[in-house]
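See structure below.
Chain identifiers are assigned alphabetically (A, B, ...) following the order of the sequence lines, protein sequences preceding nucleic acid strands; residue numbering begins at 1 within each chain. We use all heavy atoms of the structure for the numbers below, so side chains are in, but hydrogens, waters and symmetry mates are not.
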Protein chains: 2
Amino acid sequence: MTTAEAIEQTLARRGYRLTGPRRALLEVMSGLGDHFAADDVVNAAPAVGRATVFRTLKLLQDLDVVCQVVLEDGATAYRLAPDEHHHHLLCVECSEMRDFSSDDLEAVIAEVARRTGFTVEAHRFEVYGRCPACQARTS
Amino acid sequence: MTTAEAIEQTLARRGYRLTGPRRALLEVMSGLGDHFAADDVVNAAPAVGRATVFRTLKLLQDLDVVCQVVLEDGATAYRLAPDEHHHHLLCVECSEMRDFSSDDLEAVIAEVARRTGFTVEAHRFEVYGRCPACQARTS
DNA sequence: GGCTAACTGAGCCACTGTCTCAGTTGCAAC
DNA sequence: GTTGCAACTGAGACAGTGGCTCAGTTAGCC
């Protein structure tokens, strides 16, 4: 089963319609690599309206099927997400993006909550650096 | 010495001019509370052009005197920054913002770097939750 | 006081995302 | 297979945030 098909099933299971534009967008997103801007999707699916692209991205985010990434310059990118909770590691040179998760990070958050009395509801964690390939190329 | 004066010294030390608009903006930002939107600054300093507000915010960010905070909804806010490296804890209800720093977090980042071979150059970490006062008020 | 590079203001542009509203369509029920 | 209708869509206007340009101004060194 392709990623697109898996997501179609998720949509159906949650009671959302499986429309032509949605199928087209899933297809396009699967082909756009590990992350993409909203505009990339708009350009890659000229038959689908811009509003629909943004609506669909938002819907997919709500379904935890797509996640949003804040790039180093503050721009936002999107990414077809794996199921588990994860964070992003981005290469500032070649834009490669990797997921990672860390129990230690969850411990840090718990500690912050304990120390401040806040109840934590969400967090955002992105790490920017240079991947091994880019280090080798320019070292 | 006020925060604004300290920043003026930083500007001078780095070879930047101390102009009227810059002084006005520093004054305004000091009075805007713990965090503010670019638009708040624009409104609070009607004599200063919009472009100058954004240019100055950017300059102050480069000088590590102002830091950018990504709010839960993706909007960006600014904040006069303390000297040390820190992260932000935001109350989603009353918008209170607290700084915190964590050696454990630095350890998490080091571990990610080790595991992936990336050299880490920067990161972004924001935690969203509810502050003790808001918990008490609505519990 | 004069000089000049740094800075500024106005206004237009770009990008990202939202909203509205009339028209279309998936799909469940018949 | 047809129908009904809520969900969905497209076009285009709008909003918020920030950048760019360029002519004019000014801080601060001499």
Side-chain angles (χ1 to χ4, degrees), chain A residues 4-5 7-29 32 35-63 65-79, chain B residues 4-5 7-29 32 35-63 65-79:
Chain A
E5 282 167 356
I7 297 175
E8 287 178 9
Q9 291 197 357
T10 304
L11 278 173
R13 197 169 51 240
R14 301 280 213 99
Y16 292 99
R17 285 208 196 145
L18 219 47
T19 65
R22 283 182 183 164
R23 279 178 210 269
L25 292 179
L26 290 174
E27 195 64 34
V28 158
M29 286 189 269
L32 276 178
H35 65 292
F36 41 82
D39 204 48
D40 295 334
V41 182
V42 172
N43 291 331
V48 179
R50 239 170 52 90
T52 301
V53 170
F54 282 101
R55 272 188 296 237
T56 304
L57 280 173
K58 186 159 199 181
L59 172 64
L60 295 178
Q61 276 180 72
D62 289 344
L63 295 177
V65 155
V66 156
C67 59
Q68 209 177 18
V69 187
V70 180
L71 304 183
E72 205 187 12
D73 63 0
T76 57
Y78 298 88
R79 176 173 175 79
Chain B
E5 283 166 356
I7 297 175
E8 287 178 9
Q9 291 197 356
T10 303
L11 278 173
R13 197 169 51 240
R14 300 281 213 101
Y16 292 100
R17 285 207 199 147
L18 217 49
T19 64
R22 283 182 184 165
R23 279 178 208 271
L25 291 179
L26 290 174
E27 195 63 35
V28 157
M29 285 189 268
L32 276 178
H35 64 291
F36 42 82
D39 204 47
D40 295 335
V41 181
V42 172
N43 292 331
V48 178
R50 238 170 54 89
T52 301
V53 170
F54 282 103
R55 270 187 298 235
T56 304
L57 280 172
K58 185 155 201 184
L59 172 63
L60 295 178
Q61 276 179 73
D62 289 345
L63 295 177
V65 155
V66 156
C67 58
Q68 206 178 20
V69 187
V70 180
L71 304 182
E72 205 187 12
D73 63 0
T76 58
Y78 299 87
R79 175 174 177 79

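Of all nucleotides listed (C/dA10, C/dG17, D/dT9), D/dT9 comes nearest to the side chain of A/Pro21.
Note: CG (A/Asp62) to P (D/dC8) measures 12 Å, nearest angstrom. B/Phe54 has its CZ atom 17 Å from the P atom of C/dC12, to the nearest Å. Between A/Gln61 atom CD and C/dT18 atom P the separation is 9 Å, expressed in whole Å. B/Leu59 places its CG atom 16 Å from the C1' atom of D/dG18, with the value rounded to the nearest Å. Between the CZ atom of B/Arg55 and the P atom of C/dG9 there is a distance of 8 Å, given to the nearest Å. A straight line from CG of A/Asp73 to P of D/dG19 spans 10 Å, rounded to a whole angstrom.
The 5' end of DNA chain D is approached more closely, in terms of each residue's nearest nucleotide, by A/Ala47 than by the other of A/Ala47 and B/Ala51.
The shortest distance between side-chain heavy atoms of B/Met29 and B/Leu25 falls below 4.5 Å. With contacts defined as side-chain heavy-atom distances shorter than 4.5 Å, the pair B/Leu60/B/Leu26 qualifies. Side-chain contact between A/Leu59 and A/Leu11 is present, with heavy atoms from C-beta onward closer than 4.5 Å.
Taken from CD in B/Gln61 to CZ in B/Arg79, the straight-line distance is 14.0 Å, to the nearest 0.5 Å.
Phosphate proximity of D/dG18 to B/Arg50: absent, as no side-chain N or O sits under 4.0 Å from OP1 or OP2. Applying the 4.0 Å criterion to OP1 and OP2 of D/dT9, one finds that A/Arg22 has a side-chain N or O inside that range. Contact check, A/Thr76 against C/dG17: a side-chain N or O comes under 4.0 Å of OP1 or OP2.
Using a 4.0 Å heavy-atom cutoff across all strands shown, A/Ala24 reaches no nucleic acid atom at all.
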Output one line per pair: protein atom, nucleotide atom from nucleotides 28-30 of chain D, and distance, for all N/O pairs under 3.5 Å.
from   : atom 1 : to      : atom 2 : distance (Å)
D/dG28 : OP1    : B/Leu18 : N      : 3.1

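For the helix from C/dG1-D/dC30 to C/dC30-D/dG1, the terminal axes (five pairs an end, C1' atoms, rotation from four pairs onto the next four) enclose an angle of 30°, given to 10 degrees.
When all heavy atoms of A/Tyr78 and A/Ala37 are compared, the closest pair comes out as CD1-C, 4.4 Å.
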